[in-house]
Amino acid sequence: GAGVSQSPSNKVTEKGKDVELRCDPISGHTALYWYRQRLGQGLEFLIYFQGNSAPDKSGLPSDRFSAERTGESVSTLTIQRTQQEDSAVYLCASSLMRGYEQYFGPGTRLTVT
Amino acid sequence: DQQVKQNSPSLSVQEGRISILNCDYTNSMFDYFLWYKKYPAEGPTFLISISSIKDKNEDGRFTVFLNKSAKHLSLHIVPSQPGDSAVYFCAANENTGNQFYFGTGTSLTVIP
């Protein structure tokens, strides 16, 4: 079956512009996570969605970051007024439900110039 | 603060020998631990997990050991194969939490 997909795979943007990253989770997976991986660092939790419950936004680094998810389908991560320190690989993962192993997408490599 | 630590950024092992990747954690409330494998330009893929009620879990060539008193887990790969060359991440979470905490990864190179 289809895995987690993310688009775009690469995004280069100018400082100050807004970007939108998309994640298509595995069908039937109720939990969805966004992570960020900066060069040479581990995965940094950003936000978690579980079904129709209120998302856990505790990992979002600033109010320039926001994410949406409609039901148990597609999610979008939006970064407004991008800064150079936002350059990273943004990974999306889904799991059957909270606490189960996560299946990751290939990531979106964001470069802010 | 890094709640899950992988202190060895890289490891090289001869094909056929054992690879041992280590991971330490600080939060005693963690009760579920996982290992992921990551190839370049791909997302991490789930490898093996262990819950805190066990101290060992085996799946083919992969075995994860958990030492709760030392807050330490390790992944053993035996025999190691060149295709195992990848970055390995350990991760942990607590049953009541939403977050999975990841280590910084260990890059394993298996030399043919």
Side-chain angles (χ1 to χ4, degrees), chain A residues 2-10 21 23-26 29-51 53-61 67 69 88-109, chain B residues 1-10 21-27 29-53 57 59 62 64 73 75 86-107:
Chain A
V4 178
S5 61
Q6 291 185 246
S7 60
S9 54
N10 278 286
L21 313 179
C23 171
D24 283 85
I26 292 172
H29 281 193
T30 63
L32 186 147
Y33 303 77
W34 281 99
Y35 294 89
R36 174 171 73 176
Q37 186 180 19
R38 290 171 161 156
L39 193 63
Q41 298 189 21
L43 277 69
E44 176 188 359
F45 167 79
L46 296 177
I47 189 168
Y48 160 77
F49 295 90
Q50 173 64 56
S53 302
D56 178 349
K57 303 180 180 181
S58 59
L60 294 178
R69 186 184 187 196
V89 175
Y90 288 82
L91 289 157
C92 172
S94 70
S95 66
L96 198 57
M97 59 183 70
R98 184 173 71 86
Y100 282 57
E101 60 267 19
Q102 297 168 36
Y103 294 83
F104 283 83
T108 294
R109 181 174 296 279
Chain B
D1 62 336
Q2 193 76 21
Q3 298 194 45
V4 176
K5 298 177 185 178
Q6 294 175 259
N7 293 317
S8 298
S10 62
L21 297 105
N22 293 304
C23 181
D24 297 290
Y25 61 96
T26 57
N27 187 343
M29 299 301 291
F30 286 152
D31 55 11
Y32 185 51
F33 305 88
L34 310 91
W35 284 94
Y36 286 83
K37 175 179 175 180
K38 185 182 184 302
Y39 293 117
E42 294 182 13
T45 55
F46 170 73
L47 199 54
I48 192 169
S49 65
I50 189 168
S51 75
S52 59
I53 62 171
N57 189 25
D59 183 1
F62 302 90
V64 56
L73 70 156
L75 175 68
V87 177
Y88 289 80
F89 291 96
C90 63
N93 95 326
E94 53 180 293
N95 185 46
T96 56
N98 297 325
Q99 280 199 43
F100 280 78
Y101 295 86
F102 284 78
T104 51
T106 296
S107 178

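Lettering follows sequence order; numbering is per chain, from 1. Being a predicted model, the structure only gives us computed values, none of them experimental.
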Calculate, to the nearest 0.5 Å, the distance between atoms CZ and OG belonging to Phe100(B) and Ser95(A) respectively.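 Interatomic distance, Phe100(B) CZ to Ser95(A) OG, rounded to 0.5 Å: 6.5 Å.
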d(Gln99(B) CD, Ile47(A) CD1) to nearest 0.5 Å is 11.5 Å
Notebook entry, point to check: Would you find more than 12 non-hydrogen atoms of other residues, nucleotides or ligands less than 6.0 Å from Phe46(B) atom CZ?
Noted result: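 Counting neighbours around CZ of Phe46(B), more than 12 heavy atoms of other residues, nucleotides or ligands fall under 6.0 Å, so yes.
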Contacts table for residues 36-43 of chain B: side-chain donor-acceptor under 3.5 angstrom, sequence neighbours left out:
unit_1	atom_1	unit_2	atom_2	d
Tyr36(B)	OH	Gln102(A)	N	2.9
Tyr36(B)	OH	Gln102(A)	O	3.4
Lys37(B)	NZ	Tyr39(B)	OH	2.9
Lys38(B)	NZ	Glu42(B)	O	3.0
Tyr39(B)	OH	Gly83(B)	O	2.7

### Task
Could you check Tyr32(B) against Glu101(A) for side chain to side chain contact (heavy atoms under 4.5 Å, CB included), going step by step and ending with a plain yes or no?
CA-CA 10 Å; Tyr32(B) 185 51; Glu101(A) 60 267 19; 3.4 Å; yes
So for [X], is it side chain, backbone, both, or neither that comes closer than 4.5 Å to the heavy atoms of chain B?
{"X": "Ser58(A)", "value": "side chain"}
{"X": "Phe49(A)", "value": "neither"}
{"X": "Leu43(A)", "value": "both"}
{"X": "Tyr103(A)", "value": "neither"}

With chain A, the option among Val4(B), Thr104(B), Leu34(B), Asn93(B) that has the most non-hydrogen atom pairs under 4.5 Å is Thr104(B)
